[in-house]
Amino acid sequence: GAVVSQHPSWVICKSGTSVKIECRSLDFQATTMFWYRQFPKQSLMLMATSNEGSKATYEQGVEKDKFLINHASLTLSTLTVTSAHPEDSSFYICSASGDTNEKLFFGSGTQLSVL
Amino acid sequence: ILNVEQSPQSLHVQEGDSTNFTCSFPSSNFYALHWYRWETAKSPEALFVMTLNGDEKKKGRISATLNTKEGYSYLYIKGSQPEDSATYLCAFTDSGYALNFGKGTSLLVTP
């Protein structure tokens with residue numbers, strides 16, 4: 001099956017710093033990539049949807065200036081958490097698809113801890 | 001945000017038992033229902049994408065049914081094995097793209 005690689009798997013950073021998370025589709029072209037966030041004991045919550053070459057669409061309540069998403073190619077999307085604060089500590093996971101109603105292929109997630 | 005509920009929250013069965021979980025979702029504006037299996041420290045893996053009312057899908061010992069009119073889907077595992085231990089997620093979409101996930105059912109199968 002298709003593989004999505006996500007790095008890093010975990011990161012610890014100081015409050016106020018920025019953290020970049022990469023999501024790569026290794027063996028297919030991802031027309032659309034999705035970024036989700038999961039807090040403990042909660043469901044995966046969609047943060048934003050990005051299509052290659054265009055601006056990401058953010059879900060209500062997600063600050064676009066804080067969570068910068070870049071989808072510059074059909075195989076790479078990045079999420080940058082700018083000026084991270086402890087409340088941004090969460091599990092972030094990306095997924096990719098080629099078309100509507102296709103199953104999603106997920107990265108393995110990134111556990112972010114902001115001190 | 002579209003409400004997707006899964007039950008039970010967790011389940012502990014013995015090897016060889018058959019089990020099933022429920023996913024309920026909004027019955028209006030249905031587009032598709034996804035099931036994923038998520039093992040600890042791995043990526044969620046797609047099991048099924050279901051689009052038609054009455055649809056039934058099967059993959060080995062795992063099968064799923066779909067009722068879009070009443071807004072529920074069942075996932076069945078026949079003869080559970082320890083390697084089936086994982087969290088099973090369902091996700092609903094009314095657009096074909098963005099998925100709304102339930103919290104998952106955590107299954108533990110002990111020998």
Side-chain angles (χ1 to χ4, degrees), chain A residues 1-10 23-28 30-52 54 56-62 69 71 91-111, chain B residues 1-10 21 23-26 29-52 55 57 59-60 62 64 66 68 73 75 86-106:
Chain A
V3 177
V4 174
S5 174
Q6 183 173 345
H7 294 282
S9 299
W10 55 271
C23 180
R24 293 181 184 272
S25 58
L26 298 186
D27 49 4
F28 70 105
T31 308
T32 305
M33 287 190 173
F34 304 92
W35 287 94
Y36 288 86
R37 178 168 56 181
Q38 185 182 38
F39 292 106
K41 299 189 184 300
Q42 299 299 311
S43 56
L44 290 170
M45 295 296 293
L46 181 65
M47 297 175 68
T49 302
S50 70
N51 293 295
E52 183 265 337
S54 61
T57 302
Y58 290 81
E59 295 299 301
Q60 191 173 9
V62 178
I69 291 174
H71 193 165
F91 182 78
Y92 294 85
I93 190 167
C94 66
S95 65
S97 82
D99 203 351
T100 57
N101 268 353
E102 278 192 7
K103 55 189 177 183
L104 292 182
F105 300 98
F106 282 86
S108 53
T110 298
Q111 182 64 53
Chain B
I1 297 175
L2 301 172
N3 200 30
V4 178
E5 299 286 341
Q6 288 189 250
S7 63
Q9 183 177 345
S10 63
F21 327 132
C23 173
S24 62
F25 52 86
N29 299 322
F30 178 84
Y31 202 100
L33 191 283
H34 294 221
W35 281 101
Y36 291 85
R37 167 195 157 91
W38 195 358
E39 290 183 71
T40 303
K42 294 187 178 180
S43 306
E45 173 195 358
L47 291 173
F48 307 112
V49 178
M50 310 179 79
T51 57
L52 299 175
D55 208 1
K57 296 213 171 183
K59 184 177 182 180
I62 304 176
L66 179 67
T68 61
S73 175
L75 187 78
T87 295
Y88 291 82
L89 300 174
C90 76
F92 164 84
T93 176
D94 61 356
S95 66
Y97 276 115
L99 295 182
N100 296 274
F101 283 85
K103 292 182 180 180
T105 293
S106 177

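Labels below follow one simple rule: chain letters A, B, ... track the order of the sequence lines, proteins then strands, and each chain is numbered from 1. FYI, side chains are in, hydrogens and waters are out, and symmetry mates aren't considered; it's all heavy atoms of this structure. The structure presented is a predicted model; accordingly, all values stated were derived computationally and were not measured.
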Quick check on B:L99 against chain A: is it the side chain, the backbone, both or neither that has a heavy atom closer than 4.5 Å?
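B:L99 touches chain A through backbone and side-chain heavy atoms alike.
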[X] vs [Y] side-chain heavy atoms within contact, under 4.5 Å:
X	Y	result
A:Y36	B:F101	yes
A:I93	B:P44	yes
B:Y36	A:L44	no

Side-chain donor/acceptor of A:S108 to backbone N/O of B:S43, under 3.5 Å
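Absent.
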Which distance, rounded to the nearest 0.5 Å, do you find between the NZ of A:K103 and the CZ of B:F48?
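Going from the NZ atom of A:K103 to the CZ atom of B:F48 covers 10.5 Å.
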For A:Q60, is it the side chain, the backbone, both, or neither that has a heavy atom closer than 4.5 Å to a heavy atom of chain B?
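Neither the backbone nor the side chain of A:Q60 comes within 4.5 Å of chain B.
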Could you check whether atom CD of B:Q9 has more than 12 heavy atoms from other residues, nucleotides or ligands sitting under 6.0 Å from it?
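For B:Q9, atom CD is not crowded (no more than 12 foreign heavy atoms under 6.0 Å).
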Distance-minimising heavy-atom pair for [X] and [Y]:
X	Y	result
A:S43	B:G102	CB-O, 3.3 Å
A:L46	B:A98	CD2-CB, 3.4 Å
B:K103	A:K41	CD-O, 3.7 Å

